[in-house]
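Input: a single structure, listed below in structure tokens.
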Amino acid sequence: MSSATTADGETRASGWFARDLTASVVVFLVAMPLCMGIAIASGVPPEKGLITGIIGGIVVGALAGSPLQVSGPAAGLAVIVFELVRDQGLSALGPILMLAGLIQVVAGIFRLGGWFRAISPAVVHGMLAGIGVLIVIGQFHVLFDEKPLSSGLENLMAMPGRLLGLSPDLRAAELALILGLTTIAVMIGWEKLRPASLKLVPGALLGVVAATMVAWLLGLDVTKVTVPENIAAAVSLPQSGFLAQFGNPAVLTAALAIAFIASAETLLSAAAVDRMHDGTRTDYNKELRAQGVGNLLCGAAGALPMTGVIVRSSANVQAGATTRLSAILHGVWILGFVALLPWLLREIPMAALGAVLVVTGARLVNFNHAKHLFKDYGILPALIWAVTLTLVVAEDLLTGVLVGIALSLLELLPHLRRLKLKVDAHDDADGRTISLVGAATFVALPKLSAKLDAVPGGAAVRLDLTRCSAVDHTCAELLRDWSARRRASGSAVAFDGATGRLAALAA
């Protein structure tokens with residue numbers, strides 16, 4: 001090998017390492033306030049979220065099937081964890097997470113990852129919107145230095161009383177609210193006004209820093225974050241008798257719910273991350289196994305459950321990450337920070353973290369997605385979205401998701417006699433042709449997804465839909481995202497026989 005070739009290889013290696021190192025710092029800065037805020041929204045001490053962030057970075061980052069996805073505590077699970085801790089106690093969370101992690105590992109081994117992608121987008125986005133509403137109305141009370149109440153409806157009904165109880169005397173509640181509003185103003189203002197050269201500096205971090213500085217400089221008497229001197233003290237290893245809890249039906253039900261929701265959120269996040277870059281595609285079953293190992297470890301350590309999270313993952317991609325090293329290093333930085341600077345975390349006002357979660361929750365409520373469902377697919381998907389959201393807020397997360405899935409089955413009724421979909425792929429002189437024969441519904445999505453993902457990069461693709469009798473909105477969204485990603489990478493995609501909702505894709 002010539003010296004020029006060696007030098008070129010070293011330059012490329014140093015280039016990707018520098019990009020991953022920079023990206024890891026950006027993700028670390030995004031992750032720190034979110035890890036603590038999500039823990040508080042879940043009704044557990046903030047250090048529990050930090051431990052999950054460390055495991056999600058170092059362990060899951062090394063094992064992940066989606067190299068650029070970042071894992072950690074997720075707002076999407078905060079509500080269900082809050083209810084579990086309230087009803088069964090913090091000690092039950094460990095066995096529940098260990099069992100949920102085991103379920104995920106088994107699901108990955110049996111290659112069930114593709115089935116989680118078959119969940120109706122209307123259900124998933126309705127669930128996320130409902131979670132967003134619950135986070136906003138729960139963390140609204142944290143802005144006043146108070147704890148959230150026990151249910152979404154109680155939190156909602158108590159909101160007017162909080163506002164009417166304000167006084168001009170600048171008591172603790174008023175001071176905390178000022179700090180929370182300062183955090184929100186800095187976050188939103190920075191994201192709208194920041195210069196292009198500083199676009200990677202997260203608004204959440206600046207908001208928390210601003211509120212912390214105001215509280216410190218003025219010596220405000222508000223509730224602040226409590227973390228132990230030694231992060232190892234936050235690890236709660238399983239106690240004697242924890243195995244007996246695996247026989248508790250409530251533990252099994254909770255584990256199934258967390259495994260299902262965490263897996264769906266992770267794999268949907270991974271699909272979104274794949275749309276952001278042209279690198280290695282996600283191995284969904286490998287990602288599922290990695291998440292299972294992570295949740296097993298989180299359960300053993302008494303921490304929060306984890307998922308792949310889109311906020312940190314998108315920050316990772318936008319910061320220029322090229323390999324899994326960035327996700328791993330962000331976990332190392334969290335570990336180093338909480339080990340060396342715990343006193344700094346104890347200066348952060350709780351209201352500032354509540355404010356971060358208020359903004360995060362509000363962004364989960366995406367009415368544009370509901371408009372898109374109604375405009376492109378009709379009343380039923382939009383109704384599924386609305387019913388799922390309403391039941392998540394009014395009842396609980398699992399009820400909302402299960403009812404949403406049940407409603408999505410109504411889309412199968414017109415096609416019950418021809419549910420089978422045949423997907424034929426063959427190469428010809430112009431590239432690869434994929435023919436669909438039958439009804440393309442969410443039942444057939446794993447098969448369709450596997451055929452689409454098997455197309456080599458750069459190859460021209462022709463989708464023959466002349467014998468496809470129907471396409472539901474779940475498969476239509478899959479085809480939309482897949483064709484957009486192929487075209488963005490420079491590959492030609494053509495549709496033959498596309499009608500109705502797919503005609504726009506053909507154009």
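Along the sequence shown, residues are numbered consecutively beginning with 1.
Ser236 and Lys48 form a side-chain donor-acceptor contact under 3.5 Å, judged by distance and modelled atom types alone.
Counting only distance, with no hydrogens or angles, the side chain of Asn316 and the backbone of Leu68 share a donor-acceptor pair below 3.5 Å. Distance alone, capped at 3.5 Å, places no donor-acceptor pair between the Arg312 side chain and the Ser71 backbone. With hydrogens and angles ignored, the 3.5 Å screen pairs no side-chain donor or acceptor of Gln69 with any backbone N or O of Ser313. The backbone N or O of Leu436 lies less than 3.5 Å from no partner atom in the side chain of Lys422, so there is not a single donor-acceptor pair. Using modelled atom types, no side-chain atom of Asp496 and backbone atom of Leu465 make a donor-acceptor pair closer than 3.5 Å. The closest donor-acceptor contact from the side chain of Ser42 to the backbone of Val44 lies at 3.5 Å or more, if one exists at all. With hydrogens and angles ignored, the 3.5 Å screen pairs a side-chain donor or acceptor of Thr266 with a backbone N or O of Ala262. Counting only distance, with no hydrogens or angles, the side chain of Ser491 and the backbone of Arg487 share no donor-acceptor pair below 3.5 Å. Remark: side-chain polar atoms of Thr388 are not paired, donor with acceptor, to backbone N or O of Gly126 under 3.5 angstrom. Formation of a donor-acceptor pair under 3.5 Å by the Arg289 side chain with backbone atoms of Val105 is not found in this model.
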Subject >> side-chain contact (heavy atoms from CB on, under 4.5 Å) assessment of Trp482 paired with Val461 >> reply: CA-CA 11 Å; Trp482 178 83; Val461 184; 3.7 Å; yes
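Ring centroid separation for the pair Tyr377 and His372 comes in under the 6.0 Å cut-off.
A pairwise comparison of heavy atoms in Asp472 and Thr441 identifies OD2-CA, 3.3 Å as the closest pair.
A salt bridge is absent between Lys147 and Glu154; no separation between the charged side-chain nitrogens and carboxylate oxygens falls under 4.0 Å. Ion pair Arg281/Asp453 not flagged as a salt bridge, since none of the NZ, NE, NH1 or NH2 atoms sits closer than 4.0 Å to an Asp/Glu carboxylate oxygen.
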